[in-house]
Amino acid sequence: MALELYLDLFSQPCRSVFIFAKKNNIPFVFKSIKLFEGEQYGEDFGKINMIRKVPAIRDGDFTMGESIAILMYMAEKFRTPDHWYPADLQKRALVNEYLSWQHTATRMHGSKIFWLKLMIPKVMKTEVPKEKMDSAIEDLEGSLKIVEEKFLQDKPFIAGEHISLADLVAIVEIMQPVGAGMDVFSGRPKLTAWRDRVQAAIGKDLFDEAHQDILSAAKTVDSMDSSKLERFKPRIVKMFF
């Protein structure tokens with residue numbers, strides 16, 4: 001029986017799960033959950049993940065959420081090529097190190113730019129104070145510097161010579177602010193060269209397929225029904241302001 005993957009490709013963790021499954025020919029059924037329409041709060045999805053977050057999976061009677069756990073589950077269940085989650089202790093530790101760090105760095109800071117630069121002003125019609133935007137940009141730039149100087153250094157990929165789960169999670173997070181119109185690769189040749197290697201390792205067609213929604217987000221928001229996000233507005237304003 002094929003996995004059921006509950007995804008919204010506007011979400012960076014969903015993109016990592018989607019890319020990993022397709023790249024490794026893991027059979028799955030794509031179950032669309034539209035976050036901006038509140039579908040994660042539907043009764044049926046609550047039975048899959050009571051935390052109301054995507055990605056989530058159902059594998060027979062087994063269900064779970066959290067993208068990092070899902071990626072590791074698929075890597076081990078389907079015995080994907082070793083480079084994704086290496087058996088070598090130190091290489092795996094490098095992967096785990098990045099995956100542990102990114103939650104409050106590239107993940108948080110990339111998301112913040114997406115909301116402050118695009119969603120909040122364009123959809124929620126709420127002005128973002130300049131100091132908030134400046135601070136968010138500074139935080140993101142700090143994270144990108146750490147990616148280059150600490151995690152990449154002079155290696156082709158985070159764990160060495162081959163792409164791993166760390167690179168996959170990193171690229172989808174770093175692409176999020178790009179969807180809001182911020183060229184995060186400008187002036188960063190090392191990060192740009194790494195992005196190109198990651199894209200080549202994934203395959204351009206699959207990379208583009210996964211990022212199609214986020215890269216067209218600036219156009220999508222023009223036709224988005226802002227009333228559907230009203231229920232989230234207090235939470236979002238509290239989170240980002």
Side-chain angles (χ1 to χ4, degrees), residues 3 5 9 11-28 55 57 66-110 140-179 183-212 214-215:
L3 291 177
L5 300 184
L9 296 185
S11 157
Q12 49 276 55
C14 288
R15 294 197 297 272
S16 66
V17 170
F18 176 80
I19 290 170
F20 186 74
K22 291 205 75 171
K23 179 64 179 177
N24 288 285
N25 298 312
I26 296 171
F28 70 93
I57 68 170
E66 297 302 323
S67 58
I68 302 304
I70 290 170
L71 289 167
M72 292 176 177
Y73 177 81
M74 291 194 296
E76 295 185 6
K77 172 166 183 170
F78 294 97
R79 299 182 180 180
T80 57
D82 180 75
H83 63 84
W84 287 109
Y85 197 48
D88 178 88
L89 179 63
Q90 292 187 355
K91 288 182 179 179
R92 179 170 286 203
L94 292 176
V95 174
N96 287 336
E97 181 184 30
Y98 179 81
L99 295 179
S100 299
W101 172 80
Q102 56 89 26
H103 294 286
T104 56
T106 45
R107 168 91 172 107
M108 181 171 68
H109 298 148
L140 178 62
E141 289 179 343
S143 286
L144 296 178
K145 183 177 181 180
I146 291 173
V147 170
E148 290 183 305
E149 296 182 0
K150 188 267 186 292
F151 290 102
L152 280 175
Q153 298 179 27
D154 295 320
K155 299 172 293 183
F157 298 99
I158 290 173
E161 295 298 315
H162 302 286
I163 191 173
S164 71
L165 293 182
D167 302 282
L168 178 54
V169 170
I171 193 61
V172 297
E173 299 294 351
I174 292 171
M175 289 297 293
Q176 196 75 356
V178 176
D183 185 359
V184 299
F185 299 101
S186 178
R188 294 187 177 91
K190 180 182 288 190
L191 196 70
T192 301
W194 165 80
R195 176 204 60 194
D196 293 345
R197 289 191 293 271
V198 171
Q199 185 183 65
I202 290 170
K204 187 177 186 305
D205 288 345
L206 177 54
F207 186 91
D208 289 347
E209 179 185 4
H211 289 90
Q212 180 178 352
I214 195 66
L215 293 181

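The basis for the numbers below is simple: all heavy atoms, side chains too, and nothing from hydrogens, waters or symmetry mates.
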What's the spacing between [X] [atom1] and [Y] [atom2] if we round to 0.5 Å?
{"X": "Tyr73", "Y": "Leu3", "atom1": "OH", "atom2": "CG", "result": "6.5 Å"}
{"X": "Gln12", "Y": "Gln102", "atom1": "CD", "atom2": "CD", "result": "9.0 Å"}
{"X": "Leu168", "Y": "Glu173", "atom1": "CG", "atom2": "CD", "result": "10.0 Å"}
{"X": "Ile146", "Y": "Glu141", "atom1": "CD1", "atom2": "CD", "result": "12.5 Å"}
{"X": "Ile68", "Y": "Ser16", "atom1": "CD1", "atom2": "OG", "result": "6.0 Å"}
{"X": "Phe20", "Y": "Ile26", "atom1": "CZ", "atom2": "CD1", "result": "5.0 Å"}

Shortest non-hydrogen contact from [X] to [Y]?
{"X": "Pro81", "Y": "Asn24", "result": "CD-OD1, 3.3 Å"}
{"X": "Tyr98", "Y": "Phe151", "result": "CA-CE2, 3.7 Å"}
{"X": "Met74", "Y": "Ala21", "result": "SD-CB, 4.3 Å"}
{"X": "Val95", "Y": "Ser164", "result": "CG2-OG, 3.6 Å"}
{"X": "Asp82", "Y": "Ala87", "result": "OD1-N, 2.8 Å"}
{"X": "Cys14", "Y": "Pro55", "result": "SG-N, 3.5 Å"}

Hey, are Tyr85 and Thr80 close enough side-chain-wise for a donor-acceptor pair under 3.5 Å?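 No donor-acceptor contact under 3.5 Å links the two side chains.
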For [X], check salt bridge (Lys or Arg N to Asp or Glu O under 4.0 Å) against everything at least two apart and list the hits.
{"X": "Lys155", "value": "none"}
{"X": "Glu148", "value": "none"}
{"X": "Lys77", "value": "Asp59"}

Any side-chain heavy-atom pair from [X] and [Y] closer than 4.5 angstrom?
{"X": "Val169", "Y": "Leu71", "answer": "yes"}
{"X": "Trp84", "Y": "Met72", "answer": "no"}
{"X": "Val147", "Y": "Trp101", "answer": "yes"}
{"X": "Ile214", "Y": "Leu9", "answer": "no"}

Please table the atom pairs, donor to acceptor, closer than 3.5 Å between any side-chain atom in residues 202-209 and protein atoms at least two apart or in another chain.
{"from": "Lys204", "atom 1": "NZ", "to": "Asp208", "atom 2": "OD2", "distance (Å)": "2.6"}
{"from": "Glu209", "atom 1": "OE1", "to": "Lys22", "atom 2": "NZ", "distance (Å)": "3.3"}
{"from": "Glu209", "atom 1": "OE2", "to": "Lys22", "atom 2": "NZ", "distance (Å)": "3.3"}

Side-chain donor-acceptor contacts of residues 156-163 below 3.5 Å, not counting sequence neighbours, with atom names and distances?
none

Test side chain to side chain contact (heavy atoms under 4.5 Å, CB included) applied to His211 and Val172, step by step: CA-CA 8 Å; His211 289 90; Val172 297; 4.0 Å; yes
Summary of side chain to side chain donor-acceptor pair (under 3.5 Å) pairs that have at least one residue in residues 184-202, sequence neighbours excluded: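 Non-adjacent pairs meeting side chain to side chain donor-acceptor pair (under 3.5 Å): Asp167-Trp194.
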